[in-house]
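Values below: all heavy atoms of this structure, side chains included; hydrogens, waters and symmetry mates excluded. A, B, ... follow the sequence lines: proteins, then strands. Residue 1 opens every chain.
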Amino acid sequence: ETGVTQTPRHLVMGMTNKKSLKCEQHLGHNAMYWYKQSAKKPLELMFVYSLEERVENNSVPSRFSPECPNSSHLFLHLHTLQPEDSALYLCASSLGLAATGGELFFGEGSRLTVL
Amino acid sequence: GNSVTQMEGPVTLSEEAFLTINCTYTATGYPSLFWYVQYPGEGLQLLLKATKADDKGSNKGFEATYRKETTSFHLEKGSVQVSDSAVYFCALTRNTGRRALTFGSGTRLQVQP
């Protein structure tokens, strides 16, 4: 496999469920990101990890809990979500936080529906 | 803070028409500017970028010029194809410190044959 892979591609969950989104990158990058994509809104940066250390957390509710066990894997643990959390969750990676090229490589996203 | 404003879509064009998607930004200092494209069912991909004022980014027939005086980075293509149908995102990043991208809301382009 190459690039950035996200699983599952689609997830439907109730408000009391606990689930996790997984992201894996095979690019040798050391920075990883979670973005939330909602209709007609800018992509929202949720979390940034560099060398497995969280370096940015943009006021995301605690019902979203990220985990970065190594530089190739990133998880987003979900619990007691709300219907307004339904969105496409995008994972991305980059060579480094300070890369002046600024290029992020994105996965195809996990479409989350909260009932 | 930093922000990016894009024209609302969808933009619907006939094949071979001229395309402009407007993008303006607000940022401190001198950011780098980007256009990303998201084809149906796929993640975002970098389309082009410009890192300083008056730079022109270009790729696949698309162009955008970094205009500091108007804080704009409009995307243009002289002749669109059906295969260009996608969502286009304008974005910026700081050139110092942490450089996570700030995105606009995206503009959907639909090209009809």
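Within the 4.5 Å cutoff, the side chain of Phe103(B) has heavy atoms near those of the Tyr36(B) side chain.
Placement of Tyr89(A) and Leu44(B) in two distinct hydrophobic clusters is found when ILVMFWY residues are connected by side-chain heavy-atom separations under 4.5 Å, directly or transitively.
The two residues Ser14(B) and Val80(B) have their closest heavy-atom pair at O-CG2, 3.7 Å.
Residue contact with chain B, scored on non-hydrogen atoms closer than 4.5 Å, is absent for Arg111(A). Using a 4.5 Å cut-off between heavy atoms, Gln37(A) touches chain B through its side chain atoms alone. Contacts of Leu43(A) with chain B are made by both backbone and side-chain atoms, with heavy-atom separations under 4.5 Å.
Most heavy-atom pairs under 4.5 Å with chain A, from the set Gln38(B), Gln6(B), Glu8(B): that is Gln38(B).
Side-chain atoms of His29(A) and Ser94(A) form no donor-acceptor pair, as typed in the model, at a separation below 3.5 Å.
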